[in-house]
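Residues: numbered from 1 along the sequence shown. Start at 1 and go down the list; that is how both ligands and their atoms are numbered.
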Amino acid sequence: MTMNERARAVLRGNDRGGYTIPTDGLYPYQWNWDSAFSALGFATFDRARAWEELEKLFEAQWPNGMVPHIIFRADEPGYFPGPSIWQADMGPMPSSGISQPPVVASVIRALAEAEPEQAAGFIKRIDAWHEWWHRARDPKGTGVIAITHPWESGRDNLPDWDRPGDMIDVSGVGEYTRSDTSLVDNDMRPEKQDYDRYLALVYFGRERQWDPEKIAVENPFFVADPGITSILLRAEKDLHVLARGAGHETARIEDRITRLENGLELLWNEDAGGYVARDMRSGDQSRRASAASFLPLYAGILTHKEELLTTLREFAERVRYLVPSFDPRDEHFDHIRYWRGPAWAMINFMIANGLRDIGEYNWADRIRSDTRELIRNGGFAEYFSPIDGRGCGGGTFSWTAAIWLAWELDE
Ligand code: DGY
């Protein structure tokens with residue numbers, strides 16, 4: 001089988017009837033941003049299936065606009081924590097009570113060129129979701145978007161969350177059994193201390209019936225994320241193009257774009273040479289750059305372009321494959337442990353596209369060819385060591401296959 005055929009087989013194999021799971025076993029439900037990237041992959045060979053994926057995602061949208069991070073369509077006893085732990089039944093079907101990086105508008109814009117009418121049908125729903133991010137995760141209008149759980153960032157155990165996480169009381173968590181570590185090597189997954197915090201935050205949210213107003217004020221973890229903020233900014237710009245094309249009113253979208261453009265500077269850290277997380281309770285900034293530090297370029301923010309390219313060059317001196325998820329010069333860097341060092345195909349895709357859009361073709365090509373080599377050698381793994389290239393985490397992974405296919409079109 002060719003790589004393309006294998007990639008398509010991964011997506012087909014993870015299809016559960018109109019929606020795609022990230023990979024069998026480890027993640028047996030529909031995850032939000034995984035699903036959006038899967039749609040991008042399906043769009044290269046089955047357009048109808050791509051649109052169906054996106055429809056299925058929005059079927060779970062809450063009345064308040066939130067699109068949840070996991071949709072529990074079936075009960076899979078093999079996953080922890082499942083629907084009975086989340087107890088989030090505020091939407092039309094069981095789901096988690098938090099969201100995930102809003103890449104959907106950008107995926108839909110890519111599909112819209114060939115099928116503008118299909119795309120137009122999503123504008124109102126995306127607009128409600130984007131509005132939710134601002135209202136629920138930036139109620140004070142600072143222009144940066146906070147996450148209320150590391151899972152909301154999609155970059156679960158990034159060292160940026162370590163210090164803000166010290167504020168989380170884990171004394172009520174008790175005994176529990178994880179399922180992830182029986183499926184994947186322990187060294188590649190978050191540690192117990194992280195998991196205790198993840199669960200404590202789930203318990204905290206469910207006690208407040210996942211009410212975003214209460215959570216914004218009371219949650220022990222409220223941390224502005226350069227990843228979500230940049231991805232949302234790019235998505236707002238893509239939504240703006242879709243809305244204008246369809247003749248919709250765009251003033252509200254423009255206001256949100258301006259707010260985020262002004263806000264991002266709050267996350268700049270000169271010493272780190274990148275945009276980093278900021279704990280909105282204490283005001284503390286993280287000290288080191290991560291892969292998300294480059295995402296403001298993808299959102300079209302060029303204020304610190306030169307400094308970011310310097311940081312990227314320094315990263316490249318330390319690892320064989322770009323882009324490590326965390327600064328390889330830091331003591332917390334770990335080349336195989338999930339978000340503490342490994343390279344991820346879909347993050348690379350966003351960074352490389354951002355660099356291409358601003359004319360940094362050499363860097364864009366370097367990141368794309370590194371990613372393709374990682375996948376060619378390491379398979380359709382969840383993530384990869386940026387040092388030795390080994391495939392880590394889950395195998396037959398949807399978004400890795402999807403990015404392979406999306407990039408194949410560009411070759
Ligand atoms: C997990 O189960 O590890 C997921 O990252 C939660 O979204």
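Residue pairs satisfying the ring-ring contact (aromatic ring centres under 6.0 Å, His included) criterion with at least one member in residues 263-290, sequence neighbours excluded, are listed as follows: Trp268-Tyr275, Trp268-His304, Tyr275-His304.
Between the side chains of Asp34 and Tyr27, no donor N or O sits under 3.5 Å from an acceptor N or O. With 3.5 Å as the limit, one finds a donor-acceptor pair spanning the side chains of His240 and Glu254.
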At less than 3.5 Å, what protein N or O atoms come close to the N or O atoms of ligand 1? Include the distances to 0.1 Å.
unit_1	atom_1	unit_2	atom_2	d
ligand 1	2 (O)	Tyr79	OH	2.5
ligand 1	3 (O)	Arg189	NH2	2.8
ligand 1	5 (O)	Asp156	OD2	2.6
ligand 1	5 (O)	Tyr338	OH	3.2
ligand 1	7 (O)	Trp31	NE1	3.0
ligand 1	7 (O)	His69	NE2	2.7

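Residue Leu57 holds its CG atom at 10.0 Å from CZ of Arg125, rounded to the nearest 0.5 Å.
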Contacts under 3.5 angstrom, residues 82-95 side chains, donor-acceptor by atom type, not counting sequence neighbours:
unit_1	atom_1	unit_2	atom_2	d
Trp86	NE1	Pro81	O	3.1
Gln87	NE2	Ser84	O	3.2
Ser95	OG	Trp62	NE1	3.1

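Checked against side-chain hydrogen bond (donor to acceptor under 3.5 Å, both in side chains), Lys56 has no partners two or more places apart in sequence or in another chain.
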